[in-house]
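Down below is the structure, laid out as structure tokens.
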Amino acid sequence: MTIAEAKIEIERLSELIHQYNYSYYVETSSKISDFEFDTLLKNLQELEAEFPTLSSVNSPTKRVGADISKKFETVEHEYPMLSLSNTYSQEEIIEWENRIKKLVDGPIEYVCELKYDGVAIGIKYIDGQLIRALTRGDGEKGEDVTANVRTIQSIPLILKNDYPKDFEIRGEIFMPHAQFKRLNDERLENGEPLFANPRNTAAGSIKLLDSKIVSERGLDSFLYGIYASSLADEGHFESVERAANWGFKIPQQQNRFIEKTNSIEGIMNFIDFWNTERENLPFDIDGIVIKVNNYQQQKSLGFTAKSPRWAISYKFKANRVETILESVVYQVGRTGAITPVANLSPVSLGGTTVKRASLHNADQIQKLDLNIGDTVFLEKGGEIIPKIVGVNIEKRKTGTTPIIFIENCPECQTKLIRLEGEAHHYCSNEQDCPPQVKGKIEHFISKKALDIDGLGSETIDLLYTKNLVKNPADLYDLTFEQLINLDRMAEKSAKNLILGIENSKKSTFERILFGLGIRFVGETVAKKLAKQFISIDNLQHAELNELVETEEIGEKIAVSVQAYFKDENNLKLIKRLINNGLRFELEEKEMLSSILIDKIVVVSGTFTTFSREELKELIEKNGGKNASSISSKTSYLLAGENMGPAKLKQATSLKVQILSEDEFIKLISS
Ligand code: IVH
């Protein structure tokens with residue numbers, strides 16, 4: 001291909017991919033299959049690699065993350081990025097509206113919007129090309145996070161239709177609940193500390209130096225303000241609406257994300273609606289923003305030092321109560337990480353009774369300056385987890401002293417260690433600390449690992465107390481006689497358990513690898529490692545650079561894998577498992593059919609013939625892919641009993657075909 005031909009082809013592919021991206025992420029409708037999309041993207045990547053001079057900064061290939069930056073440059077905002085004056089009471093909104101009426105001549109229109117709980121962003125476009133994205137910073141100067149913003153799929157890189165030549169659009173970048181949950185589920189699985197809430201995670205993500213990681217965080221955006229030297233419209237509402245034509249994801253009227261009204265009643269109605277309805281949104285909002293619509297009127301109202309007079313925000317009162325901190329207990333996880341947990345006087349908060357709240361780590365306790373017996377403020381935000389946010393110092397009793405973090409493991413008395421740069425204290429007694437030992441066995445037998453039926457945490461506890469198991473390999477030495485002699489163990493359960501243990505020997509290498517519980521090796525990483533190294537022997541002897549060169553494996557994981565194999569106890573464990581017939585080698589997957597090739601299936605609910613994990617395996621063995629949430633790309637929803645109504649509704653509205661277990665079995669056997 002000549003360079004001239006390549007140029008034409010690159011432009012054609014870019015244009016196509018931009019269009020498909022827009023349909024998928026902004027209009028939420030899918031026009032082509034994943035496979036076709038990936039092929040287009042791959043073709044473009046290959047051409048750009050061959051002709052690097054033709055690769056543009058706004059190429060759709062940049063969505064997957066570009067270079068790692070050392071730090072962010074600080075750049076002055078063209079229009080200062082102000083904040084809003086906040087109120088918490090409806091009376092203040094009435095007062096604000098009365099003031100506006102006195103200051104402005106003629107009829108006034110107000111625009112009511114959601115106050116998205118994320119990070120503000122200002123994005124500059126020239127000639128329809130994304131040029132630069134800045135954070136708010138101090139309002140005067142922001143940080144240049146362009147490479148990261150380019151990875152957010154709902155933000156267009158190239159505009160369409162009648163966009164202004166030179167303008168800035170502002171909005172909020174946030175993390176939807178589903179992404180936040182996915183991220184924390186992964187972290188839990190990998191034994192990493194959890195993120196506190198979607199807002200902080202979004203803020204942290206947009207400032208990551210590696211845009212590849214940002215691209216995997218699932219950030220989203222809503223854009224809500226246009227800034228230019230001259231605008232075609234008379235008002236804010238109309239400009240924002242017009243920006244939709246240029247390809248932006250803007251708040252929609254249909255779902256009441258934005259609304260125009262000319263009365264205080266209209267404003268109050270909007271506030272009341274979202275005060276309760278916000279619980280059902282798939283992302284967090286922390287209030288409502290009310291803006292005077294007309295640009296002329298905005299101009300005449302002007303600004304105070306910090307915020308515009310033409311806008312105000314009504315912040316929802318966080319669900320907040322006071323209660324007494326009775327004591328702090330320390331939990332030991334399977335990796336040895338210590339989590340302090342507050343025991344509280346039971347208190348009702350947002351519809352549930354709260355008795356405990358995680359304090360995360362030593363720094364958090366210190367930051368909150370907690371004493372036992374303190375009256376603490378407890379909040380529940382949009383997220384479901386209750387959180388201690390502060391102490392009511394006025395109510396502090398004399399004679400109380402600050403909580404001092406424990407120095408020894410509460411379970412085995414080993415001296416705790418805290419590695420540099422880590423938030424958690426650890427107990428290093430991996431082999432003998434009871435919760436670590438039991439936790440590792442629980443992990444080994446869990447659904448996504450060896451999936452041993454009939455073995456729950458209570459039975460593990462019992463087996464451990466009776467000295468029958470001290471590590472996963474001991475499970476394979478258990479006899480029927482030993483089990484039947486345990487309290488509360490019926491003959492049938494004992495038989496089932498023996499059968500379950502026997503069956504687990506057929507588990508795949510990747511499941512076993514995951515089950516070993518190597519720190520930072522979650523389900524996905526285990527799959528990648530198994531695929532790359534084929535056998536435990538290869539993995540054990542892999543050099544650091546070989547590990548790091550594996551897809552999705554960074555240095556942190558690589559170091560952890562090597563450390564695991566340096567421990568004699570772990571090598572002994574693997575040897576015993578191998579002797580018991582477990583397969584530490586990748587086996588070519590026997591494919592049953594290719595009937596589900598290119599199909600994405602979401603499995604939800606409970607089933608009668610197969611377990612959910614078995615169904616997922618069947619999907620893969622018939623060529624399909626599993627997904628956890630429904631999108632317009634989903635081909636089938638495999639629906640069992642007790643499935644959440646939200647999923648069903650979503651599937652129906654996206655016209656996803658719904659299959660029962662029987663229909664699914666019929667499909668794959670046809
Ligand atoms: S308008 C001149 N509209 O709230 C102020 N802001 O406290 C222009 N925010 O930094 C802001 N949703 O990050 C506006 N619909 C919305 C918003 C919104 C969230 C955030 C934004 C801003 C902060 C102001």
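Computed from a predicted model, the values in this text were never measured in an experiment. Whatever order the structure lists them in is the order used to number ligands and atoms, beginning at 1.
Atoms of ligand 1 found under 4.0 Å from any heavy atom of Y116, numbered from 1 in the order shown, are 12 (N), 19 (C).
The pair E76-K141 fails the salt-bridge criterion, with no side-chain N (NZ, NE, NH1 or NH2) lying under 4.0 Å from an Asp/Glu carboxylate O. Salt bridge status for D284 with R199: absent, with no side-chain N to carboxylate O gap under 4.0 Å. Salt-bridge check for K124 with D144: failed, with every basic side-chain N at 4.0 Å or more from each acidic carboxylate O. Between K395 and D374 there is no salt bridge, since no side-chain nitrogen of the basic residue lies less than 4.0 Å from a carboxylate oxygen of the acidic one.
Residue contact annotation: K291 has a non-hydrogen atom under 4.0 Å from ligand 1. Contact analysis leaves G225 out of contact with ligand 1, as no non-hydrogen atom separation drops below 4.0 angstrom.
Cation-pi check for K249 over F222 is met; the charged atom lies under 6.0 angstrom from the ring centroid and within 45 degrees of its normal.
Counting heavy atoms closer than 4.0 Å to ligand 1, residue Y224 contributes side-chain atoms (C-beta onward) but none from N, CA, C or O. The proximity of L114 to ligand 1, defined as any non-hydrogen pair under 4.0 Å, is limited to the backbone. Under 4.0 Å from ligand 1, the heavy atoms of V289 that appear belong solely to its side chain. If you look at P308 next to ligand 1, the close heavy atoms, those under 4.0 Å, all belong to the side chain. With a 4.0 Å heavy-atom cut-off, ligand 1 is reached by the backbone of K115 and by its side chain too.
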Exercise for the section: Report the C-alpha separation of E238 and K260 in whole Å, then their side-chain angles, then the decisive distance to 0.1 Å, and conclude whether the salt bridge (Lys or Arg N to Asp or Glu O under 4.0 Å) test is met. Expected result: CA-CA 10 Å; E238 290 72 24; K260 214 156 64 159; 2.7 Å; yes
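For atom 7 (O) of ligand 1, the closest non-hydrogen atom of the protein is L84 N, 3.2 Å.
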